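Structure first, then comments.
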Amino acid sequence: MEIVVLTKPVPDSESRLRPNATGTALDTTGLKFVLAGYDESAVEQALLLKEASPGTTVRAIAFGLPARADEALRASLALGVDSATSVEAPPDTPVDPILTARALAHAVARYRPAIVLAGKQASDDEAGLVPSALGEILGMPDFGSVVNLHWLADRNVLTFDRATPDGLESIEVPPPAVLALQQAWNDPRTAKLPMILKSRRAPIDRIPWPDVAAALGEGAIARTRPVGFRLPSARTGAKMISAKSAEEAARELVRILQEEANVFP
Amino acid sequence: MPDFSLSEEDRSLQDLARKFAKTEMAPHAAECDRTGRFPEEIYRKGWELGLMNLNVPTEFGGSGLGLLQQCLIVEELAHACGGMTTSIIANCLALEPLLLGGSREQKGRVLPPFCKEYHLAAFALTEPGTGSDAGALQTRARKEGDGYILDGEKCFISNGPVAELYTVFATLDPALKHKGITAFLVPRSSPGVHAAKGEEKLGHRASSTGSIRFDGVRVPASDRIGAEGEGFSLAMRTLDQTRTPIGALANGIAQAALDHAAAYSLKRKTFGKPIGEHQAIQLKLANMAQDLHAARLLVWHAAWTIDRGASGTLESSIAKCFASDAAMRITDEAIQIFGGYGYMKDYPVEKLLRDAKLTQIYEGANEIQRIVIARELLASYA
């Protein structure tokens, strides 16, 4: 069985973010890119399936500028995926989720995977569109918020649960399918030092942007473009309690909770 | 021109160590410091990730890292806890004599188990009567049949109370001074080995340090490292390799002190503004940053020199000595910036001062480093 995991490079959550000079997008100068958190869960799920079914191979595929895509791919290789493909994004023009899905579909189709795994959304734009768009393009069923995924070899079906606000939904589907995973339910492993060293020397298959663009034709142009980007405004509303003693401060806190915040009746 | 940039591989190793330090070590640093607990579960996790045995070549199952990469990792670990870092890197110190002077058979026999499973080793050179003057050590090795009998006592041995294998330096004849010193591998399970429980220490309290007594311990000739009389040279060549990471360890502690002090200086207000806006504090922070930057460059340069195949005795002595002295200055100033809070155990900086102190003492006291530096310096004028 061949599994493909979509691995998006996103800015490190510990980076300091700021808008670019024109205020249209995030300034990516000097930003460190890492494997997205939800996708890390997807890699973990792929590795669990591989461990449960010997003979399974896992390929990570990333779409992006090569240096950034490589970070996500090398992180995936260090975690234990078998091979990696970098799908190059256009160097100068913005991309959107649908273009991303088309470019990824072009790559994924080459490998005829039984399962395509992804995080249910990326930790930067949180659009959550790529997995379902990919399923549509490839003609595969797709599901979001997936947990507890298993492959039953004897019946050749995938079983999983979907975490919904009302409860867990259990689903069976024959492969192939696109499954977008809930984050962090599976406690992703940490890459070990020898694997990190190995991943840095592993080959990455590359699909250059001109090849992608040729295959997509008119679909190679993003239909949407970013027009503005700003940071969330600083939070307000914190109230400092000034009091002469701890007891007085506690009384004031209780009063506020009761009378102003209506936390206590 | 020298190139100070780190490779992607270097950075990914730093990331691994930083993540481990932040998520596994830092949350337990204060507790282990307070109680003196040896957090074996953390060391086991570090071993699983490949953060121990950094210097063991890959052919024996180790990480096979160069010294610069080792230093990058050690600094990140020490940012979370100097004591835990000492215990994590003690294997590198203990196994280095074997890497330098052991036979292929010995390496193939001894090293792989350390890389396949979690085991600790300890480097046993110091004695109650001889620290800096290692050539005068008194632990005796008597030849008997096809082997040796060891008698004597070692002290202040990092991981001594918990290690399963000791690299022991003993003399065939004290009259031979350093020419009589010979290195041996001694399993703790050997009859006659008595490891005392850990000492109470000022700092590095998450590490276990103690004495080991050898009462008529039989060691087969196959467990002698190198030739008879080669032990002193092996010990010195080992320290040439391992003192640079001690500089990196000091830098990790110093970076933590600077991080705490700078962040605190932006929050704490006096005379109506954050203390970081007072020049008195800015000057301190600037001095700390300069000290640390210089120390880090010295460590990187020493590691780079050794990675290029040179002995690096001078460079590593300068790096270790300067970085550890700088760490004392920086942690001292961090406490001063915190004021009364800095003196309290509820705040993190007083631990950093206590942890920094050891880096001036172990793996060659800084007085010895200065003797080495002066000797190398004067030799170039003679």
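All values reported here derive from a predicted model rather than from experimental measurement. Scope of the values below: all heavy atoms of this structure, side chains included, with no hydrogens, waters or symmetry mates. Within every chain, numbering begins at 1; the chains are lettered A, B, ... in the order of the sequence lines, protein sequences first and strands thereafter.
Listed by chain and residue number, B:Ser87 satisfy the side-chain hydrogen bond (donor to acceptor under 3.5 Å, both in side chains) test with B:Ser207 (two or more places apart in sequence, or in another chain).
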For chain A against chain B, give me the donor-acceptor pairs closer than 3.5 Å, one per line with atom names and distance.
residue : atom : partner  : partner atom : Å
B:Glu9  : OE1  : A:Arg201 : NH2          : 2.9
B:Glu9  : OE2  : A:Arg201 : NH2          : 3.2
B:Asp15 : OD1  : A:Lys32  : NZ           : 2.9
B:Asp15 : OD2  : A:Lys32  : NZ           : 3.0
B:Lys22 : NZ   : A:Glu14  : OE2          : 2.5
B:Leu49 : O    : A:Leu193 : N            : 2.7

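Listed options B:Ile73, B:Leu54, B:Leu65 were ranked by heavy-atom pairs under 4.5 angstrom with chain A; first place goes to B:Leu65.
A distance of 8.5 Å separates CG in A:Leu193 from CG in B:Leu49, rounded to the nearest 0.5 Å.
Closest non-hydrogen pair, A:Pro194 versus B:Gly50, comes out as CD-CA, 4.5 Å.
Counting heavy atoms of neighbouring residues, nucleotides and ligands inside a 6.0 Å radius, atom NE2 of B:His293 does not exceed 12 of them.
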